[in-house]
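Below you'll find the structure, written out as structure tokens, and then a few comments.
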Amino acid sequence: MTLRLLLDEIRSNIGQICIRLGYPTVQFEVAEAAKSDFGDISCNVAFLLAKPLGKRPYDIAKEISSQYEKNLGRFVKKVTPHQSGYINFIANYSALNNSTIKSSVREDYGSINIGNKTRIVVEHTSVNPNKALHVGHVRNIIIGDTISRILKKANYDVRILNYVDDSGLQVADIVVGFKYGGFAEEPPKDQKFDHYCGDIVYVKTTEMYETDKKLEEFRTTVLKEIEEGKSEIAKFANNITRRVLAEQLKTCWRLGSTYDCLNFESQIVRSNLWKIVFEKMKEMEIIQLEKEGKNTGCWVIRSETDEEDKVLVRSSGLATYIAKDIPYAAWKLGLLGDPFYYVKYGEQPGGKILWETILERNSNAKIDFSGERVITVIDSRQSRLQKIITRLMSSFKSQEGAYVHLGYEAVTLSAETASMLNVETGGKQIQMSGRKGIYVNADYVLDILGVKTYEEAKKRNPELDEIRLVNIAEAVAVGALRYAMVKQDLDKIITFDMAESLSLEGDTGPYIQYSYARAVRILEKAGVKPQFDTPFDNLNTEYEINLIKAMSKFDIRIEEAAKNLSPKVMARYCYELAVAFNAFYEHVKVLTAESKSLVNERLCLVHCFKETLAKALDVIGVSSPDRM
RNA sequence: GGGCCUGUAGCUCAGCAUGGAUAGAGUGCUGGACUUCUAAUCCAGUGGUCAAGGGAUCGAAGCCCUUCGGGCCCGCCA
């Protein structure tokens, strides 16, 4: 918060000085200095005024600086014009320290009101319920979960949905495997049901199609029966997908992701939402019945560019798969009457209730899971489809950005990791494929990471009991995986490498968690509670000031992350905090400081750092173990 | 053929939205710091034609155009 106060103060003062000097109004920028050599804050106003005033930027910077010096205000200590034309500011650290430390103890530190409690839907995860989650799905989950957390921190009213495609081909495939392929309904002992379905039934059944065309024919009839939802096969499919879903959710919860409601595709299909949307689109004339050409007899969405038109309804009158996505998107935006009723699916870790939709009327109060805005997290291979849906939604609801497809690039496997799966790629990375069995399961990665983190924790904390060590190991394993998935920009491919994922040093989740554990230990060993009724004038080494400056940026980072829907901003912020603390830890002694009052001030700082880091880590869903 | 993404240090990536100072991290490699609040750490060194070319600008890694390399997508399948 405090950095924002400082920036606002400078912005306002410079604005006033420009008016006083009779300078034209320009949109100047006040921002963190690019390097600490330059000071704390920089302003580019002199560049922007150079042209209209016909002066050198440096001369303008000098003029403004000398005016500024007459009244430095609360947070500024020094103003210097730089040769380059920037005006640089050094903060009044006494004020910065005091303000930052005192505000950072607040429970809601870092929160900021951007959303104004706007109802916003985040849909993520949405994995076909016929297999276990692999590391590609994990990226989706972590992005979606982190975005939800960011938006909550920015005061949006967030609803998190998980769409369960329980009536698609992939489900039909495993049903064929169970019913006609001879696979037992129960997995071998010690194998999770979702792993069994994905690793064995799905992969092997798909393989069998190659040689057994009859088997492949069953797929079509099974799919049809599932969609109709009446037959024994449909009931069987429902039973299977429920079991897989339950296992998938365990993995999601293990990763720290929770949801508000499960939406089932089968119910969307069986509701009348498609008919309503279809009629609406006809009325609005945003779809056309083709009279000629290759799509004769089909209802299509005409492309606005050179791309192919998209068929919505076949010449047979049957809707295509996109007909499931359109009503769902419109439903999420609350544009259609709600045909669903809601029942409790169960209670999630942390106590949050998970709801699910049903079509049968019940006496429960209706719950509104729609939003004024909708964010759908799906990888960018589906961009074309999502673009069409976004376009349709914007004709239904003209509000800018009402429907957002938050796309991200895929997770691929490194050549080395592929070769562990007996896939030779000639040194190139490879796309994962559930169908071909080329993937790394999320549970497997967490388990392997857990073994390593357990060993590391035990080595360092031999006195801790087994349960505590296991909990620490799990927290660090999840932290490592989540951080790795979120630190990279959304439009960069992540090449997953098993060996590399085990690295716990440098720019990783465990590095950050470690800084937290160090802070906790200092506070434990101090034996006294920090007392905050002091002005914090003595925290004046560069390490202390850097740490305090980092802490003071929390809400600015939240704002940036929320406005750009950029989870990595928060990952980088956590890292920034940890780096500042680790440098402080190495160079500044807390418990053996020269005086009692200095010990206390530093204890306060360590305490506030610990609280701030925990809150920042929580935004990326990484927990903060006390010991590591 | 069309659409989207991408190219910055040996490797993995920030920085690009909103142009401005000597382009930053991690990792790797070299060397240093643990009888001290946990070395999952810190410090120093090493390492760059910001893919290439052009344009607009006082000023470009960033904006515009072109070219080249890499990836993904484009069914009356789901």
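Chain A is the first sequence line, chain B the second, and so forth, proteins listed ahead of strands; every chain is numbered from 1. Quick caveat: nothing in here was measured; it's all calculated off a predicted structure.
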Given [options], which nucleotide is nearest the side-chain atoms of [X]?
X: A:Ser84; options: B:rA40, B:rG3, B:rA21; result: B:rA21
X: A:Arg314; options: B:rU12, B:rC77, B:rA40; result: B:rC77
X: A:His587; options: B:rA40, B:rC42, B:rC37; result: B:rC42
X: A:Pro510; options: B:rC76, B:rC13, B:rA40; result: B:rA40
X: A:Lys324; options: B:rC37, B:rC43, B:rA78; result: B:rA78
X: A:Gln431; options: B:rC37, B:rA78, B:rG71; result: B:rG71
X: A:Lys589; options: B:rG24, B:rG2, B:rC37; result: B:rC37
X: A:Arg521; options: B:rC43, B:rC37, B:rA21; result: B:rC37
X: A:Glu505; options: B:rA21, B:rC76, B:rU41; result: B:rU41
X: A:Glu586; options: B:rC42, B:rC5, B:rC37; result: B:rC42

Item to check | Nucleotide forming a Watson-Crick or wobble pair with B:rA56, both distances under 3.5 Å | outcome: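 When the pairing criteria are applied, nothing turns out to pair with B:rA56, so the answer is none.
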Item to check | For B:rA61, the Watson-Crick or wobble counterpart (both distances under 3.5 Å) | outcome: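 Check on B:rA61: unpaired, no WC or wobble geometry under 3.5 Å.
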How many whole angstroms separate atom [atom1] of [X] from atom [atom2] of [N]?
X: A:Lys459; N: B:rA40; atom1: NZ; atom2: C1'; value: 9 Å
X: A:Glu500; N: B:rG28; atom1: CD; atom2: P; value: 11 Å
X: A:Lys492; N: B:rU12; atom1: NZ; atom2: P; value: 11 Å
X: A:Lys294; N: B:rC74; atom1: NZ; atom2: P; value: 13 Å
X: A:Arg384; N: B:rC72; atom1: CZ; atom2: P; value: 18 Å
X: A:Lys428; N: B:rG69; atom1: NZ; atom2: P; value: 13 Å
X: A:Leu318; N: B:rA78; atom1: CG; atom2: C1'; value: 14 Å
X: A:Lys487; N: B:rG26; atom1: NZ; atom2: C1'; value: 6 Å

Heavy-atom donor-acceptor pair, [X] side-chain to [N] base, under 3.5 Å:
X: A:Arg460; N: B:rA40; answer: yes
X: A:Asn88; N: B:rA21; answer: yes
X: A:Ser515; N: B:rA40; answer: no
X: A:Ser315; N: B:rC76; answer: yes

Looking across every strand, which nucleic acid part, if any, lies under 4.0 Å from [X] by heavy atom: base, sugar-phosphate, or nothing?
X: A:Arg572; value: sugar-phosphate
X: A:Ala526; value: nothing
X: A:Gly85; value: nothing
X: A:Asn295; value: base
X: A:Val476; value: base
X: A:Tyr585; value: base

Item to check | 5' priority, RNA chain B, between A:Pro57 and A:Gln429 [closest heavy atom] | outcome: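 The answer here is A:Pro57.
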Checklist entry - So which one's nearest nucleotide on RNA chain B is more toward 5', A:His82 or A:Leu591? => result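 Its nucleotide being nearer the 5' end, the pick is A:His82.
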Please check the phosphate of [N] (OP1 and OP2 only) for any side-chain N or O of [X] closer than 4.0 Å.
X: A:Tyr511; N: B:rC42; value: yes
X: A:Arg518; N: B:rU41; value: no
X: A:Lys568; N: B:rG15; value: yes

Next on the checklist: Could you tell me if A:Asp173 and A:Thr205 have a donor-acceptor pair between their side chains, going purely by distance under 3.5 Å?
Outcome noted: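 Note: A:Thr205 and A:Asp173 side chains miss the donor-acceptor criterion.
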Next on the checklist: Counting only heavy atoms from other residues, nucleotides and ligands, does the tally under 6.0 Å from NZ of A:Lys213 exceed 12?
Outcome noted: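 Result for NZ/A:Lys213: enclosed.
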Checklist entry - Got a sec: does the CD of A:Glu463 have more than 12 other heavy atoms crowding it under 6.0 Å? => result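 Enclosed: over 12 neighbouring heavy atoms sit under 6.0 Å from CD of A:Glu463.
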Item to check | Under the ring pair (Phe, Tyr, Trp, His ring centres under 6.0 Å) test, residues paired with A:Phe47 that sit two or more places apart | outcome: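 For A:Phe47 the ring pair (Phe, Tyr, Trp, His ring centres under 6.0 Å) partners, ignoring immediate neighbours, are A:Tyr86.
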Checklist entry - Does a side-chain N-to-carboxylate-O contact under 4.0 Å join A:Lys549 and A:Glu542? => result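 No, A:Lys549 and A:Glu542 are not salt-bridged.
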Item to check | Where A:Thr80 and A:Ser65 come nearest, the two heavy atoms and their spacing | outcome: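 The answer is C-OG, 4.0 Å.
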Checklist entry - Could A:Lys282 and A:Phe278 be counted as a cation-pi pair, given that NZ or CZ must be under 6.0 Å from the ring centre and within 45° of the axis? => result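 Because its charged atom sits under 6.0 Å from the ring centre and within 45° of the axis, A:Lys282 does stack over A:Phe278.
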Next on the checklist: I'd like to know if the side chain of A:Asn88 and the backbone of A:Phe38 have a donor-acceptor N/O pair within less than 3.5 Å.
Outcome noted: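 It does hold such a pair.
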